[in-house]
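Only heavy atoms go into these numbers, but all of them, side chains included; no hydrogens, no water, no symmetry mates. Just so you know, these numbers come straight off a predicted model, no measurement behind them.
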Amino acid sequence: MKFVVPGSNVRLLGKAIHCLAKIGDDVYLEPTRDSLALRTVNSSRSAYATFNFGSSFFSVIEQTRAKGDSMEEDRCKVMVRSLLLAFRSLSVLEKTVDSCILETGQDCKLLISLNCRHSVTKQFSVGLVECEALRAVYDITRCTNRWIIQAKVMQEANGNFLANQEEVTMHVGLDSFKMKNYNDDYDEKKQVHTELAMQPGEFEQFNIEEEASITFCLKELRSLLMFAEYLQLPISANFSQGGQPMVLTVSQGQAINCTYVLATLADQGQGQECERIPTTTTSTAYQDTASTNISQTGHGRLHSTQRDTPVPPTCPTLSPDLSTIPMEMPPSLHPTLDNSMDLRPPDSDCMEGTPPTTKRKNFLFRRCFDATFNPQAVPGTDKVLAPDSDEEI
C-alpha cells in the first residue's frame with residue numbers, strides 16, 4: 001500500500017507517532033483499502049492505544065498489490081525509535097515538508113519519503129520487525145459511566161499534579177468528580193498530597209449511573225490530552241468500576257479516531273484486583289503462530305495498572321530428613337582434618353591486607369611513639385624531702 005499525506009497533516013501524523021512513543025516500543029501499522037491504523041501496547045499490557053486515519057486524511061491512497069492478494073500481507077510492526085527519526089522535529093516538518101509518502105516495499109521495508117521545499121527529498125528506510133495484527137478485547141457498551149470534557153480544561157486540571165506523578169485515583173459520584181494522587185507507600189512527611197474537585201457543569205456531558213473509584217496511570221492520559229488539545233477536541237471517558245478497563249476516545253469525524261484503553265485498579269476498600277487488558281495477535285506471512293491471549297508479567301513499580309493477576313499457590317518444597325546424618329565425624333577423618341587444615345589464628349604482625357610501613361608514615365607519627373613523661377623534668381626532683389630509712393641489722 002502507498003499513502004500520501006499532504007503537508008497540512010504531516011505535523012498531525014508526527015504528533016500521533018510521538019504520542020505512541022510515550023506508551024510502547026513498537027508501532028503496528030495496519031493498512032486497509034481506505035484507512036491506516038497505528039497501534040501500540042506497553043510492555044506490561046496495561047495500556048493500549050490506536051490512531052485510525054481515514055481516507056480524508058490522505059491525499060492519495062494507492063493499492064500496490066493485486067486484487068486477489070490479502071491485505072494482511074501489508075501489516076507490519078516497526079520500532080518506534082525508527083519512526084521518530086523521520087518525525088523528530090514537528091515544527092520543522094510543518095514549515096518545510098510539502099508531502100509525506102508511506103509505502104511498504106517487497107523487501108520487508110517501510111519507505112518514508114518527505115518531499116520538502118526547494119525540490120529536497122528525504123527518504124528513510126525502516127526495517128520491519130514482525131508482521132502481526134494487534135487488538136484489545138473490550139466492550140464499551142457495558143460501561144455504566146461516561147463523561148466528556150474539553151481537553152484544555154482537563155489539561156489545566158492535571159497541571160496541579162507533579163510532573164513525576166505516575167498514578168491518580170478518580171472518584172466519581174452522581175454530582176461530584178474528584179482526582180487525587182495515588183501512592184503505594186504514602187507518607188505525608190515525604191510526599192505532596194494533591195486533590196482536586198470539579199463540578200459537573202464543567203463537563204460537556206456527565207452521565208454517572210453508579211459511584212466508582214478507580215486508579216489508573218497518568219502518563220497515558222497526558223499523552224492523549226496533548227494530542228486532543230492540539231486539535232482542540234473534547235475527550236470522552238467510558239468506565240464502570242475499578243479493575244475494569246477505562247476507554248478514552250478522541251475523534252474528528254471520519255478523518256481521525258483515537259482510542260486509549262487503560263487498565264484500572266479498584267479502591268482499597270472494594271477489594272477488587274486489577275487485570276491486564278486482554279489483547280489478541282493474529283499471525284501473518286512473516287510469523288506463523290496461532291492467535292493467543294497475551295498476558296505477561298508486569299514490569300516496574302506501577303502496582304495498580306501493571307499488577308499481575310493472582311497466581312495459584314506454589315507446590316510445597318521438599319525438606320530433607322536430617323535425622324540420618326551422624327552428629328560426630330568418623331574417627332578416620334580426624335587425622336586428615338588435623339594435618340590438612342591449619343585453623344590457628346594468623347599472627348597479628350602478618351595480617352593480610354596490612355599496608356607496608358613507609359618512611360613518610362614513620363615521620364608523621366613518630367612523635368606519637370616518643371615518651372611523653374620524663375621524671376627528671378619534674379621540678380623539685382633534686383631535693384630530698386625524706387631520707388632513706390636505715391637498713392635492718
| note | Correct closest heavy-atom pair for Gly24 and Val80 would be O-CG1, 3.7 Å
| Short question: side chain of Gln241, backbone of Glu211 - any donor-acceptor pair under 3.5 Å? | yes
| message | Ignoring hydrogens, what is the shortest heavy-atom contact between Ala263 and Phe216? Give both atom names and the distance. | response | O-CB, 4.0 Å
| query | Between His18 and Leu84, is any pair of side-chain heavy atoms under 4.5 Å apart? | reply | yes
Distance-only donor-acceptor pairs under 3.5 Å for side chains of residues 194-205, two or more places apart:
from, atom 1, to, atom 2, distance (Å)
Glu202, OE2, Gln199, N, 3.1
Glu204, OE2, Gln150, NE2, 2.5

| message | Please evaluate residues Thr144 and Glu210 with respect to the criterion side chain to side chain donor-acceptor pair (under 3.5 Å), reporting the C-alpha separation (whole Å), side-chain torsions for both, the decisive distance (0.1 Å), and the verdict. | response | CA-CA 7 Å; Thr144 57; Glu210 57 179 354; 2.9 Å; yes
| message | Keeping Arg117 on the side-chain end and Lys95 on the backbone end, is there a donor-acceptor pair under 3.5 Å? | response | yes
| Within the distance-only criterion (no hydrogens, no angle test), does the side chain of Asn181 pair as donor or acceptor with the backbone N or O of Val192 below 3.5 angstrom? | yes
| said: What I'd like to find out is whether the side chain of Leu221 reaches to under 4.5 Å of the side chain of Ile235, using heavy atoms alone. | reply: yes
| said: Tell me the closest heavy-atom pair linking Cys100 and Phe87, and the distance in Å. | reply: SG-CZ, 4.0 Å
| field | Heavy atoms from other residues, nucleotides or ligands near NZ of Lys22 exceed 12 (cutoff 6.0 Å) | value | no
| message | Could you measure the distance from the CG atom of Leu114 to the CD1 atom of Ile112? Nearest 0.5 Å is fine. | response | 7.5 Å
| query | Hey, any chance Leu90 and Val92 share a hydrophobic cluster, counting ILVMFWY side chains that come within less than 4.5 Å of each other, even indirectly? | reply | no
| query | Do the side chains of Tyr230 and Leu93 join up, straight or via other hydrophobic residues, at under 4.5 Å, putting them in one cluster? | reply | yes
| said: Show, in sequence, the C-alpha distance, side-chain angles and deciding distance for Phe51 and Phe227, and conclude whether the ring pair (Phe, Tyr, Trp, His ring centres under 6.0 Å) test is met. | reply: CA-CA 11 Å; Phe51 287 83; Phe227 185 81; 4.9 Å; yes
| note | Rounded to the nearest 0.5 Å, the SG atom of Cys258 sits from the CG atom of Leu224 at a distance of 5.0 Å
| message | Can you confirm whether Asn207 is buried at CG, in the sense that more than 12 heavy atoms of other residues, nucleotides or ligands lie under 6.0 Å from that atom? | response | yes
| request: Kindly indicate whether the side chain of Leu12, heavy atoms from C-beta on, has any atom under 4.5 Å from the side chain of Ile256. | output: yes
| said: Between Asn257 (side chain only) and Asn52 (backbone N and O only), is there a donor and an acceptor less than 3.5 Å apart? | reply: no
| message | Can you tell me how the ring of Phe3 sits relative to the ring of Phe58, calling it parallel under 30°, perpendicular over 60° and tilted otherwise? | response | tilted
| Exercise: identify the closest heavy-atom pair between Val78 and Gly127 | CG1-O, 3.8 Å
| query | Between Lys219 and Glu166, does at least one N-O distance fall below 4.0 Å, as a salt bridge requires? | reply | no
| query | What distance do Lys122 atom NZ and Cys116 atom SG have between them, rounded to the nearest 0.5 Å? | reply | 5.0 Å
| task | Kindly indicate, with the supporting measurements, whether the criterion side chain to side chain contact (heavy atoms under 4.5 Å, CB included) is fulfilled by Gln244 and Arg142. | result | CA-CA 10 Å; Gln244 300 178 3; Arg142 300 178 60 182; over 6 Å; no
| request: Any chance you could measure Leu225, atom CG, to Leu233, atom CG, to the nearest 0.5 Å? | output: 12.0 Å
| Are Leu111 and Ile61 co-members of a hydrophobic cluster defined by side-chain heavy atoms under 4.5 Å apart? | no
| task | Of all the heavy-atom pairs spanning Thr264 and Gly243, show the shortest one and how long it is. | result | OG1-N, 3.1 Å
| query | Can you tell if the side chain of Glu229 reaches within under 4.5 Å of the side chain of Met154, non-hydrogen atoms only? | reply | no
| message | So does Ala163 get a backbone contact from the side chain of Arg222, meaning a donor-acceptor N/O pair under 3.5 Å? | response | yes
| query | Given side chains that start at C-beta, do those of Val172 and Ile214 come closer than 4.5 Å, heavy atoms only? | reply | no
| So, do Leu218 and Asn158 sit near enough that their side-chain heavy atoms are less than 4.5 Å apart? | yes
| For Arg45, does its backbone N or O pair with a side-chain atom of Asn42 as donor and acceptor, under 3.5 Å? | yes
| Going through the checks in order, is the side chain to side chain donor-acceptor pair (under 3.5 Å) test met by Thr249 and Ser236? | CA-CA 5 Å; Thr249 57; Ser236 64; 2.4 Å; yes
| message | side chain to side chain donor-acceptor pair (under 3.5 Å) for Tyr260 and Ser223? Distances and angles first, verdict last. | response | CA-CA 10 Å; Tyr260 277 45; Ser223 172; 3.1 Å; yes
| field | Full working for side chain to side chain contact (heavy atoms under 4.5 Å, CB included) between Arg39 and Glu30 | value | CA-CA 8 Å; Arg39 313 178 193 274; Glu30 300 184 9; 3.2 Å; yes
| request: Go through Thr259 and Thr50 one step at a time and tell me if the side chain to side chain donor-acceptor pair (under 3.5 Å) criterion holds. | output: CA-CA 5 Å; Thr259 303; Thr50 176; over 6 Å; no
| said: What I'd like to find out is whether the side chain of Glu209 reaches to under 4.5 Å of the side chain of Leu174, using heavy atoms alone. | reply: no
| said: If you define the side chain from C-beta out and look only at heavy atoms, does anything of Leu38 sit under 4.5 Å from Phe53? | reply: yes
| field | SG on Cys217 to CG on Leu265, rounded to 0.5 Å | value | 12.0 Å
| field | Between CG on residue Leu231 and OG on residue Ser251, distance to nearest 0.5 Å | value | 10.5 Å
| task | Look at the side-chain heavy atoms of Ile, Leu, Val, Met, Phe, Trp and Tyr, link any pair under 4.5 Å apart, and say whether Val261 and Met226 land in one connected group. | result | no
| query | Mind checking whether Ile101 and Leu36 sit in one hydrophobic cluster, side chains of I, L, V, M, F, W, Y counted as touching below 4.5 Å? | reply | no
| remark: Nearest heavy-atom contact between Pro234 and Val250 is O-CG2, 3.9 Å
| query | Hey, does the side chain of Ser59 reach the backbone of Val4 with a donor-acceptor pair shorter than 3.5 angstrom? | reply | yes
| query | Is Asn9 reaching over with its side chain to a backbone N or O of Val5, donor-acceptor style, under 3.5 angstrom? | reply | no
